Amino acid sequence: MLKTLAAQIKEYKRDSILTPLFMLLEVIMETVIPLMMASIIDDGVNRGDIKHIYLMGTGMAVVAVLGLFAGVMGGKYGARASAGFAKNLRKSMYENIQTFSFSNIDRYSTAGLVTRLTTDVTNLQNAYQMILRMCMRAPASMVCAMTMAFFIHAKLACIYLAAVIILGSFLVFIMMNAHKYFSRVFQKYDDLNASVQENVSAIRVVKAYVREDYEKNIFTKASVNLYNMFLKAEKIIIWNAPLMQITVYGCILLISWLGAKTIVAGNLETGELMSLLAYCMNILMSLMMLSMVFVMITMSIASAERITQVLNEQPDIHNPENPVMEVKDGSIEFRNVEFSYGPDSEEPVLKNINLQIKSGETIGIIGGTGSAKTSLINLISRLYDVTEGTVTVGGRDVREYDLEVLRNEVAVVLQKNVLFSGTILENLRWGNKEATEEECKQACILACADEFIEKFPDKYETYIEQGGTNVSGGQKQRLCIARALLKKPKILILDDSTSAVDTATDAKIREAFAGHIPGTTKLIIAQRISSVQNADRILVMEDGRINGWGTHEELLLNNEIYRDVYESQTGGSGDFDQNGGV
């Protein structure tokens, strides 16, 4: 874990080295001042030597200025190092997340990743700054003060040594007991963030069903759980302050009492006693700082573990050593394919899939909810890898291709259509960042999106809100289809991507595909028979298996599920899952 995190310091190594050095210089200056003060009292005031007082006073002023300079520079470099460390952590995590395959992403919740990129990184940033500054300053200050105290009077200094050992033992005990609660706190943060995210993203549904009170209760429950966990941790950490105060005042009383006796006995000067008291405060303030560092580290260990988990996560899908850099055509073949989402799955999602699709064909895919239609097409662009068997595209196993090359040739319009904040043109150019405005318009014509875009006042410069909330479901689907077409793929997959489009527009889109991209292999997942009946062939899925495969006419004759759905839809009900589905 430490090695993984240390690798993120990168260009801030210099700042990370200078910070503790300046802290050490500040400590040295602070250690010298009590000695100079003792000299002023014992050698200046008591002996009436004004010149010595002036000389040592000037020296104290210079030392104080140097200490102030060192403290300021330590703070400056410490802030730069910790902020840079946090920046690198966020960047590395975000970049690694981008390499995740779908199976990697399935292991994390969106809220959990957001918490790691925000709250957890902030915790580590604060802890790193404390470590750079206080972990050098506090121990160095304590060692220097302890050394000077023993130099002045060894017997009295033993009081400090005993206090440090006792207090240090209590701090370790507190830290060990608090850590288990902080480890669970950040899981509660995930629940809280998930509640907020879900509520905000689905606010229209919440209001439509008047479920505000229900959502408030969920949020309150998550918030109270977080509060209770923090409260348990704080109840342990709170013992830190009274223990520290008892130790500080106990040391002051013992030093004052025993020191006064020692002065009376003639074994200690008044100035030396003042120095011992000053060093007492240095030692105990150092312990206070260390206790704060321990608390921060205790909190940050849980965050560090969660961040390291993301940084060390390796994508399940990799490029081969010598990847194929060209997809010959849009032909697709499944050979004895089985697929499971995880090694612990009780049974495969896809079972014994054998399928051959010629380049340029239009293939319809229908099946009930849970029949694994989406799982099937996810294997083509290698969003997941098969568990057994082989999927080939252009005559080559998809695992032989460079991932970027393969996915540029396989355009997928997923079930959940996502648009990003920006203009329509900016969203379209996700398909091809070099696309001209004319190419974007042509893609929109094929997707029947030009009809509504031209009605907007700003046309293609119309701003799309985050998630596409200012366009309808059908408009969003057509924009996503146009975006996919701009890739000019060899394979185009529409995963139920015209469900929000009326039947007439759906027919126009299919007609445009047939006339303008005849060489592209088209796979259309749909619930409406009308969307696939003119396809070259139609695949009927049931419970992860191929139930039927053929033309519309062949399936009407030979496949009971297809025939039942067709009759129900032409008869008016049109619900696949209620008629012959799984």
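Here the structure is a predicted model, which is why all the values come from computation and not from measurement.
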Are the ring centres of Phe339 and Tyr384 closer than 6.0 Å? yes
Do Ile453 and Leu479 have side chains that approach each other closer than 4.5 Å (heavy atoms only, starting at C-beta)? yes
Is a side-chain donor or acceptor of Ser371 paired with a backbone partner of Gly368 at a separation under 3.5 angstrom? yes
Pair Leu494-Leu492, side-chain contact (heavy atoms from CB on, under 4.5 Å): steps then yes or no: CA-CA 7 Å; Leu494 303 181; Leu492 175 64; 4.2 Å; yes
Could you go through Asp495 and Ile377, starting from their C-alpha distance and side-chain angles, then the distance that decides it, and tell me whether this counts as side-chain contact (heavy atoms from CB on, under 4.5 Å)? CA-CA 8 Å; Asp495 187 357; Ile377 58 100; 4.2 Å; yes
Student check: side-chain heavy atoms of Ile366 and Gln527 closer than 4.5 Å: no
Flag the pair Phe85 / Arg90 as yes when at least one side-chain heavy-atom distance between them is below 4.5 Å, and no otherwise. no
For Ser375, enumerate each residue passing the side-chain hydrogen bond (donor to acceptor under 3.5 Å, both in side chains) test, keeping only those at least two apart in sequence or located in another chain. Tyr341
Can you pull out every ring pair (Phe, Tyr, Trp, His ring centres under 6.0 Å) where at least one residue sits in residues 517-551? Sequence neighbours excluded, please. none
Kindly compute the distance separating CD1 (Ile529) from CD1 (Ile538), expressed to the nearest 0.5 Å. 6.5 Å
Between Arg116 and Gln309, a side-chain donor and acceptor under 3.5 Å: yes
Please report the interatomic distance NZ(Lys459) to CG(Asp450), rounded to the nearest 0.5 Å. 12.0 Å
Please list every donor-acceptor pair under 3.5 Å in which a side-chain atom of residues 322-337 meets a protein atom from a residue at least two apart or in another chain.
| residue | atom | partner | partner atom | Å |
| --- | --- | --- | --- | --- |
| Asp329 | OD1 | Ser331 | N | 3.0 |
| Asp329 | OD1 | Ser331 | OG | 2.7 |
| Glu333 | OE1 | Arg335 | NE | 3.4 |
| Glu333 | OE1 | Arg335 | NH2 | 3.3 |
| Glu333 | OE2 | Arg335 | NE | 3.2 |
| Glu333 | OE2 | Gln356 | NE2 | 3.2 |
| Asn336 | OD1 | Asn354 | ND2 | 3.3 |

Mind checking what makes salt bridge (charged side-chain N to carboxylate O under 4.0 Å, His left out) contact with Lys13, not counting sequence neighbours? none
Please step through side-chain contact (heavy atoms from CB on, under 4.5 Å) for the pair Leu539 and Leu355, ending with a clear verdict. CA-CA 9 Å; Leu539 177 67; Leu355 194 64; 4.0 Å; yes
Arg478 side-chain N/O to Cys448 backbone N/O, donor-acceptor pair under 3.5 Å: yes
With no hydrogens and no angle check, is any side-chain donor or acceptor of Glu554 less than 3.5 Å from a backbone partner on Thr551? yes
Do other residues, nucleotides or ligands put more than 12 heavy atoms under 6.0 Å from the CG atom of Leu557? yes
If you apply the rule side-chain contact (heavy atoms from CB on, under 4.5 Å), what do you find for Ile365 with Ile524, and how did you get there? CA-CA 6 Å; Ile365 304 174; Ile524 302 171; over 6 Å; no
Look only at the side chain of Lys351 and the backbone of Asp543, and say whether a donor-acceptor pair between them is shorter than 3.5 Å. yes
Enter the distance from Thr115:OG1 to Arg306:CZ here, rounded to the nearest 0.5 Å. 6.0 Å
Can a salt bridge be assigned to the pair Glu361 and Lys522 using a cut-off of 4.0 Å between side-chain N and carboxylate O? no
Testing the 3.5 Å rule here: is there a donor-acceptor pair between the side chains of Ser16 and Tyr128? yes
Do Gln8 and Asn88 have side-chain N/O donor and acceptor atoms under 3.5 Å apart? no
Just how far is it from atom CG of Leu376 to atom CG of Leu523, taken to the nearest 0.5 Å? 8.0 Å
Checking Ser568 side chain against Val565 main chain: does a donor-acceptor pair fall under 3.5 Å? yes
Ignoring hydrogens and angles, write down the donor-acceptor pairs under 3.5 Å from the side chains of residues 425-442, residues two or more places apart or on other chains.
| residue | atom | partner | partner atom | Å |
| --- | --- | --- | --- | --- |
| Glu426 | OE1 | Thr423 | N | 2.9 |
| Asn427 | OD1 | Phe420 | N | 2.8 |
| Asn427 | ND2 | Phe420 | O | 2.8 |
| Asn427 | ND2 | Thr423 | O | 3.1 |
| Arg429 | NE | Ala435 | O | 2.9 |
| Arg429 | NH2 | Ala435 | O | 3.4 |
| Asn432 | OD1 | Glu434 | N | 3.1 |
| Thr436 | OG1 | Glu439 | N | 3.2 |
| Glu439 | OE1 | Thr436 | N | 2.9 |
| Glu439 | OE2 | Lys488 | NZ | 3.4 |

Please give me the minimum heavy-atom distance between Gly550 and Leu555, naming the atom from each residue. O-CD1, 3.8 Å
Looking only at heavy atoms, what is the nearest atom pair of Leu311 and Asn96, with distance? O-ND2, 3.4 Å
Side chain of Asp458, backbone of Glu461: donor and acceptor closer than 3.5 Å? no
Phe456, CZ: over 12 other non-hydrogen atoms inside 6.0 angstrom: yes
Are there more than 12 heavy atoms of other residues, nucleotides or ligands under 6.0 Å from atom NZ of Lys221? no
Where Ala443 and Leu485 come nearest, the two heavy atoms and their spacing: O-CD1, 3.9 Å
Output yes when a side-chain donor or acceptor of Thr462 lies under 3.5 Å from a complementary backbone atom of Ile424, and no otherwise. no
Taking Asp564's backbone N and O only, do any of them form a donor-acceptor pair with Glu567's side chain (distance below 3.5 Å, no angle check)? no
Drop me the distance from Ser421's OG to Ile464's CD1, to the nearest 0.5 angstrom. 10.0 Å
Would you name the heavy atoms of Met541 and Ala372 that are closest together and state the gap between them? CE-O, 4.3 Å
Closest non-hydrogen atom pair, Cys480 against Leu419: SG-CD2, 4.0 Å
Straight-line distance of His318 NE2 to Asp385 CG, nearest 0.5 Å: 9.5 Å
Over all heavy atoms of both residues, which pair between Ser303 and Asp120 is shortest? Give the atoms and the distance, please. OG-OD1, 2.9 Å
Please list, one pair per line, the donor and acceptor atoms closer than 3.5 Å that link side chains of residues 387-414 to other protein atoms, with sequence neighbours excluded.
| residue | atom | partner | partner atom | Å |
| --- | --- | --- | --- | --- |
| Thr387 | OG1 | Ser340 | N | 2.8 |
| Arg396 | NE | Glu400 | OE1 | 2.7 |
| Arg396 | NH2 | Glu400 | OE1 | 2.9 |
| Asp397 | OD1 | Arg399 | N | 2.9 |
| Asp397 | OD1 | Arg399 | NE | 3.3 |
| Asp397 | OD2 | Arg399 | NE | 3.4 |
| Asp397 | OD2 | Arg399 | NH2 | 3.0 |
| Arg399 | NH2 | Gly389 | O | 3.1 |
| Tyr401 | OH | Val393 | O | 2.5 |
| Asp402 | OD1 | Asn319 | ND2 | 3.0 |
| Asp402 | OD2 | Glu404 | N | 3.1 |
| Asp402 | OD2 | Val405 | N | 3.1 |
| Arg407 | NE | Ser381 | O | 3.1 |
| Arg407 | NH2 | Arg382 | O | 2.6 |
| Asn408 | ND2 | Glu404 | O | 3.2 |

Under 3.5 Å side-chain donor-acceptor pair for Tyr566 and His552: no
